[in-house]
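Here is the structure we will look at, set down as structure tokens.
Chain naming here is simple, since letters A, B, ... match the order of the sequence lines and numbering starts at 1 in each. Owing to the predicted nature of the structure, the values given are computational and were not obtained by experimental measurement. The analysis underlying the following values was restricted to heavy atoms, covering all of them including side chains, and did not include hydrogens, waters or symmetry mates.
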Amino acid sequence: MTELLKVENLSVRYSNGHQALEDINFSLPKATICALVGANGSGKSTLFKSIMGFVPASQGLVSIAGLPVEEAVRQQRIAYVPQTEQVDWDFPVSVNDVVMMGRYGHMGWLRRPKAADHEAVAVALEKVGMSAFAHRQIGQLSGGQKKRVFVARALAQAAELVLLDEPFTGVDVTSEAQIVELLRTLRDEGCLIVISTHNLGAVPDYCDLSIIIRQHLVAFGPTSDVLTAHNLQSAFGGKLRHHVLQHLGGESSESVTVFTDDERPLVLYPTGQDQSP
Amino acid sequence: MTWLLEPLQFEFMRYALTAMVLAAIPLSLLSCFLVVRGWALMGDALSHAVLPGVVLAYALGLPLLLGAFLAGLFCAAAVGFIDQKTKLKEDTAMGVVFTGLFALGLVLFSVVHSNLHLNHILFGDALGVESEQLWQIGAVTASVIVLMLVFGRDWQLQLFDPIQARTMGLPVGRLHYGLLVILSMSIVSALSTVGIIIAMSLLILPGATLVLMRVSMRKMLWLSPILGSSAALIGGYLSFYLDSAPAPTMVLAMGVQFCLALLAQQYRDYRVPKLKGAP
Ligand SMILES: Nc1ncnc2c1ncn2[C@@H]1O[C@H](COP(=O)(O)OP(=O)(O)O)[C@@H](O)[C@H]1O
Ligand SMILES: [Mg+2]
């Protein structure tokens, strides 16, 4: 198992004195989808930003394929879709132009796109189902469509490590399924994808590994080991809707535990295997 | 055809036209970025802020352009410093630095007894351009064009989405200051020809006209120098026949371009709902 992303003893303290992350340790291999789960304010976005080096770590090390982050960034190894884009929506660029920006790192220093770049952009837009909007100005899209364009740009960048910070906010169920499908293909091509989401019910479907954080690392490992009632309770406290249902049909009085943080609940059966309705 | 050639018989007119076209090109290129980014007033502010540099250079017997350029650089650096080290917004930082420097310039101007013409600094002296100045302006114009060809797309990305620029490992700091440096250079090089106030309108009008025409940034960067330099030519010729000052006449020409674009946009907006409503 070759490690692609390694985070060691990472702590982040904001300038206002708030300790957002404390002593986070994990390492992730290639060809993996890893979920990053935690309540609002648990430090998910901060973790992404500090992996990118946008927020300075007060302590600890992040390395990508053994390289320091700045070097990995220079080699176009990381694509990052932030939770909120700090983008100028009135900027006169089309959807196509935006996705093409993901290709800059692959172009010469004059940044003139070649046939391969146009091809990569068209394929990426096709994959997120946004081809029909290629010539729209970027501000003239809905929230979910904008998100899909930025996912397409991350795809066009052809990075090894893809960081997606809550990419499903504002995205409808069909597009979400489309993006999940896409992540699976990326994984099969050898990418490591780290994705933060509140859609707990879908996590076991496509995430091989999971990380739960709440300032500290609550749990890390294979998804089925990590998303347990105990871990979720310690991560979310009372913030998660949590129902214990009696098995109505069965003779036994076994109970089913249902966790919901978002529209799709996570259902934990007593046997340990989980299913989503 | 004689009307086209007649002004060209005069050397001062040939120089004035060339200088105006050369000065207009870099400023109109940069206007695309400034207008889209909502930094229209930054050009204004920067053009005023070079005044103390000009006055000090005069007092010290240095080339005026050098003084103006150094003042421009100082501004850019001071704004960057305040922006990065404080919570103030960048436009506030610009306002503080630039008005302060302009005020300093005015005070220095009245203290240092000079026979500098404030009018020439403010409004330029296109008809007094000499061949040596033409070379200076030409050099600045050529370097701005080259830099835009090489870094234009990186600047676009940085202005549109600074986080992505960093994600892709672009040297964001150098790009930011580089843009401010070529902005100062272009303003300074235009000062002697068109003056501070006209330089400012060159930094706003072509970009504003193109935003009304709703063209993409890529096309804006092609069209803006065409708008700017055609306005310079039209303004130059008109001024010859109207016996008016060339630089303000050029601004008028850009004003007409802007109004035409505005009319065209209104016409388009008026037609669209009609088309949709048609059976
Ligand atoms: N720029 C900042 N300065 C100070 N505190 C911050 C800043 N950004 C986030 N925080 C705080 O850090 C904590 C983690 O935030 P964040 O990483 O955005 O959480 P999440 O993405 O999991 O919702 C929160 O308590 C938040 O208030
Ligand atoms: Mg977040």
Side-chain angles (χ1 to χ4, degrees), chain A residues 15-16 48-49 51-54 69-113 135-140 149-150 153-154 156-157 159 161-163 165, chain B residues 31-40 84-87 89-91 145-175 206-224 261 265 272:
Chain A
S15 52
N16 65 358
F48 282 125
K49 288 179 200 160
I51 291 175
M52 292 302 301
F54 295 168
V69 176
E70 309 89 75
E71 188 53 36
V73 162
R74 215 167 297 138
Q75 298 179 7
Q76 305 295 317
R77 286 167 180 260
I78 317 178
Y80 167 50
V81 180
Q83 181 173 9
T84 39
E85 305 286 346
Q86 283 172 18
V87 159
D88 178 2
W89 297 112
D90 292 325
F91 207 85
V93 284
S94 66
V95 167
N96 209 68
D97 295 336
V98 171
V99 180
M100 188 59 89
M101 288 172 178
R103 299 292 304 170
Y104 279 10
H106 300 271
M107 299 177 192
W109 52 282
L110 281 179
R111 311 268 190 243
R112 294 289 175 269
H135 299 291
R136 277 263 182 105
Q137 193 267 332
I138 185 68
Q140 301 169 352
V149 171
F150 289 103
R153 181 172 70 185
Q157 204 180 323
L161 171 59
V162 181
L163 306 175
D165 196 353
Chain B
S31 77
C32 300
F33 288 163
L34 295 198
V35 168
V36 162
R37 211 55 192 95
W39 282 352
Q84 277 167 16
K85 304 285 168 176
T86 69
K87 281 272 167 208
K89 295 242 166 61
E90 193 167 24
D91 58 348
I145 291 176
V146 169
L147 287 169
M148 284 298 272
L149 282 173
V150 176
F151 296 111
R153 291 186 185 229
D154 291 10
W155 272 316
Q156 278 181 52
L157 174 55
Q158 166 147 23
L159 292 176
F160 168 64
D161 186 350
I163 294 188
Q164 176 69 7
R166 290 179 72 177
T167 304
M168 303 193 58
L170 295 185
V172 285
R174 265 178 278 163
L175 284 172
T209 304
L210 290 166
V211 166
L212 288 186
M213 290 167 65
R214 297 203 189 113
V215 294
S216 69
M217 181 49 86
R218 210 166 345 129
K219 287 196 190 128
M220 281 178 77
L221 291 175
W222 280 110
L223 291 173
S224 64
Q265 191 219 308
V272 168

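A donor-acceptor distance shorter than 3.5 angstrom exists from the side chain of A/Q76 to the backbone of B/M168, with no hydrogens or angles considered.
Only the side chain of B/L170 comes within less than 4.5 Å of a heavy atom of chain A; its backbone N, CA, C and O stay farther away. Proximity to chain B (any heavy atom under 4.5 Å) is shown, for A/M101, by both the backbone and the side chain. When heavy atoms are compared at a cutoff of 4.5 Å, A/E70 does not approach chain B at all. Looking at B/V211, there are no atoms closer than 4.5 Å to chain A (heavy atoms on both sides), in backbone or side chain. Proximity to chain B (any heavy atom under 4.5 Å) is shown, for A/L163, by neither the backbone nor the side chain. Both the backbone and the side chain of A/F54 come within contact range of chain B, judged by heavy atoms closer than 4.5 Å.
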Point to revise | Chi angles and distances behind the salt bridge (Lys or Arg N to Asp or Glu O under 4.0 Å) call for B/D161, A/R153 | key: CA-CA 12 Å; B/D161 186 350; A/R153 181 172 70 185; 2.6 Å; yes
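With rounding to the nearest 0.5 Å, the separation of CG in A/L110 from CZ in B/R153 is 9.5 Å. How far CZ of A/R111 is from CD of B/Q156: 11.5 Å, rounded to the nearest 0.5 Å. To the nearest 0.5 Å, the span separating OG1 on B/T167 from CD on A/Q157 amounts to 7.0 Å. Rounded to the nearest 0.5 angstrom, B/M217 CE and A/S94 OG are separated by 12.5 Å. Interatomic distance, CZ of A/F150 versus CD1 of B/I163, reported as 10.0 Å (0.5 Å rounding).
Within 6.0 Å of the CZ atom in B/R214, the count of heavy atoms belonging to other residues, nucleotides or ligands exceeds 12. Counted within 6.0 Å of CH2 on A/W89, heavy atoms from surrounding residues, nucleotides or ligands total more than 12; the atom is thus considered enclosed. Within 6.0 Å of atom CE in B/M213, 12 or fewer heavy atoms from other residues, nucleotides or ligands are found, so the atom counts as exposed in its surroundings.
The shortest distance between side-chain heavy atoms of A/D90 and B/R37 does not fall below 4.5 Å.
Here the shortest heavy-atom pairing between A/D88 and B/L159 reads CB-O, 4.2 Å. Contact between B/V215 and A/P92 at its shortest, heavy atoms only, is O-CB, 3.5 Å.
By the 30° and 60° cut-offs, the orientation of the rings of B/F160 relative to A/F91 is tilted.
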